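Worksheet for the structure shown next.
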Amino acid sequence: MNSLAPELIAELKEKKEPEKGLQPLDIKGALVMRFAPNPNGPPTIGSSRGIVVNSEYTKKYNGKFIVRFDDTDPATKAPMLEAYDWYLDDCKWLGANPDEVVIASDRIPKYYEVAEQIIKKSGAYVCFCEQEEFKALKDVKKSCPHRDQDVESNLGYWEKMLSGDYKEQEAVLRIKTDIAHKDPAIRDWVAFRIIKKPHPRPEVSDKYVVWPLLDFEGAVEDHLLGTTLIIRGKDLIDSETRQRYIYTYMGWNYPETMHWGRIQIHEFGKLSTSGLKKAIADGTYTGWDDPRVPTIRALRRRGIRAEALRKFMIELGLGETDISMSLDTLYAENRKIVDPIANRYFFVWDPVELDVLGAEPKTAKAPLHPSRGMMREIPVGTKVLVCKSDVENLKDGERLRLKDLYNIQITGLSPLSAKFIGTDMDLVKKEKARIIHWAPPDGQKVRVLSPDGEYSGMGEHGIELELDNVVQFERFGFVRIDSINGDEVLAYYTHK
RNA sequence: GCUCCGAUAGUGUAGCACGGCCAAUCAUGUCAGACUCUCACUCUGACGACUGGGGUUCAAAUCCCCAUCGGAGCACCA
């Protein structure tokens with residue numbers, strides 16, 4: 001068949017293996033996409049979706065990938081200075097280095113220019129209504145008195161806004177849409193408001209008192225940057241309708257758009273950036289890379305590979321439904337990468353001392369990795385440490401195998417003692433004796449930080465040489481060796 | 001209340017634009033077994049879904065209508 005009709009086979013394969021994950025795009029010209037976060041906290045798992053999907057498409061279609069910081073709110077969601085670099089760093093780590101980086105707070109004058117033009121086209125007006133007052137009118141499709149101001153007056157008010165003549169809340173610039181639009185979300189929305197709080201970035205600080213809202217800033221930037229395709233969360237789905245008014249006034253072409261639903265990760269629940277910030281401040285979490293926190297930084301520290309996270313995000317695809325996922329799939333993906341390369345070590349948590357009578361001191365030999373030849377050597381005397389959970393339900397006289405060492409028979413429970421009964425593996429095979437791991441009492445102290453708590457205990461020497469590597473603690477799980485503090489190794493739990 | 005949008009196994013996805021090849025894909029998960037000096041890995045097998053009801057049609061997961069459930073927006077947040 002292959003020789004008769006190779007193209008048929010190819011076609012079959014094509015049908016059977018459609019584009020996995022991301023749907024192919026119907027691209028006409030060049031592809032320009034952007035990821036536009038507000039850097040008011042570090043990138044989270046959610047951000048990684050935006051980074052990965054946008055960059056993946058631009059890679060695939062030879063497009064341009066822009067990171068744009070939408071940091072135009074110095075008050076309610078004020079940017080965090082360190083976060084700008086964190087975003088860029090995590091992008092780089094994810095293999096999504098941007099072709100261009102834009103910071104909105106650097107480009108405020110451009111937004112003023114567009115605003116002025118729209119005012120001149122009667123597309124915007126300065127509104128002095130109180131918020132509730134305006135909402136009441138809007139809800140019954142009534143325009144406010146300011147809507148009919150002429151261009152000259154609006155221009156004058158706008159100038160006064162810019163020069164700081166008004167207080168916060170006193171005036172806003174509204175985009176004229178359709179005050180009777182059937183969707184209340186569209187009616188004459190606010191494009192600029194007055195904020196007198198300085199911007200956290202020293203280069204901007206108190207340079208401006210009039211700040212654009214996302215819908216305006218984003219609309220202008222997407223045009224300026226030549227964005228051709230926007231993929232963003234569906235919370236911004238109505239933005240398009242609002243922003244199109246600007247595009248119409250200015251005679252621009254609106255980019256294509258796609259939206260995705262919210263992801264909720266079982267393991268993390270509903271944690272907002274502001275909620276996290278609080279929990280870190282009050283000491284609930286140790287920082288933005290605490291293993292319990294849903295940031296990219298935490299995942300990195302735990303030893304999740306960028307490639308695994310990328311694949312995970314790509315395979316989620318682009319659905320408008322909200323999804324609720326477990327990290328198991330990410331872990332499985334990561335395990336595939338990490339398992340073949342992670343060296344194996346013993347780590348005994350909640351250690352219990354065990355005397356072995358009749359044992360000669362020796363050096364145990366165990367493979368560094370089950371499918372490779374390299375061995376590790378563990379010198380051991382007549383005492384070993386074992387996990388409390390392994391010996392809790394032991395019965396006197398029970399026979400066990402200390403992995404890669406020898407067989408023992410329990411002779412006493414408290415204190416725990418045993419006698420040496422040989423080295424033969426037959427015991428394990430015939431009696432189906434349990435095999436447990438162990439550590440030498442003079443081994444390497446280890447502490448593991450995991451999403452569900454902390455484990456302290458003893459490991460074998462050699463662990464301290466694996467700094468920054470992901471290793472597997474046998475019968476425990478994968479960990480990333482993070483640092484050495486004094487005589488103790490600190491590891492972060494990756495996954496089972 | 002007003003405007004949008006969505007619904008395939010436990011979870012996430014493929015299929016839906018152009019109805020038949022779908023007794024529905026892949027992954028993950030769970031269970032069982034094999035392998036193994038790890039509860040890891042690998043292998044084998046099992047489990048498991050088209051939200052409900054109508055309609056169109058020779059034929060519906062796919063088209064239409066209604067219902068139900070879920071979500072988003074209606075901010076001087078992003």
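On a predicted model such as this, the values are computed, not experimentally measured, just so you know. So that the names make sense, note that chain A is the first sequence line, chain B the second, and so on, each numbered from 1.
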Q) Listed by chain and number, what are the ring-ring contact (aromatic ring centres under 6.0 Å, His included) partners of W260(A), not counting sequence neighbours? A) none
Q: Give one of base, sugar-phosphate or nothing for F478(A), where a contact means two heavy atoms less than 4.0 Å apart.
A: sugar-phosphate
Q. Looking at R401(A) and E431(A), does any basic side-chain N land under 4.0 Å from a carboxylate oxygen?
A. no
**Q.** Who pairs with A49(B) - Watson-Crick or G-U, where each distance is under 3.5 Å
**A.** none
**Q.** Chi-based syn or anti call at A17(B), which uses purine or pyrimidine torsion atoms and a 90° bound
**A.** syn
Q) What does P367(A) touch in the nucleic acid at a heavy-atom separation under 4.0 angstrom: a base, only the sugar-phosphate, or nothing? A) nothing
Q | Same-atom distance (C1') from G12(B) to G29(B), integer angstrom | A | 11 Å
Q) Once the angle between the rings of F476(A) and F473(A) is folded into 0 to 90°, is it parallel (under 30°), tilted (30 to 60°) or perpendicular (over 60°)? A) tilted
Q: Pick base, sugar-phosphate or nothing for C129(A), based on heavy-atom distances below 4.0 Å to the nucleic acid.
A: base
Q.
So that I know where these two stand, are Y125(A) and H146(A) an aromatic pair - ring centroids less than 6.0 Å apart?
A. no
Could you list the protein-to-nucleotides 1-7 of chain B atom pairs, N/O on both sides, closer than 3.5 Å?
residue : atom : partner : partner atom : Å
C2(B)   : O2'  : K182(A) : O            : 3.1
U3(B)   : O2'  : D183(A) : OD2          : 2.9
C4(B)   : OP1  : K182(A) : NZ           : 2.8
C5(B)   : O2'  : E320(A) : OE1          : 2.7
G6(B)   : O2'  : T321(A) : OG1          : 3.2

Q: Quick one: label V428(A) by what it contacts on the DNA or RNA (base, sugar-phosphate, nothing), any heavy atom closer than 4.0 Å.
A: nothing
Q | Sidechain N-carboxylate O distance under 4.0 Å for E240(A), R244(A) | A | yes
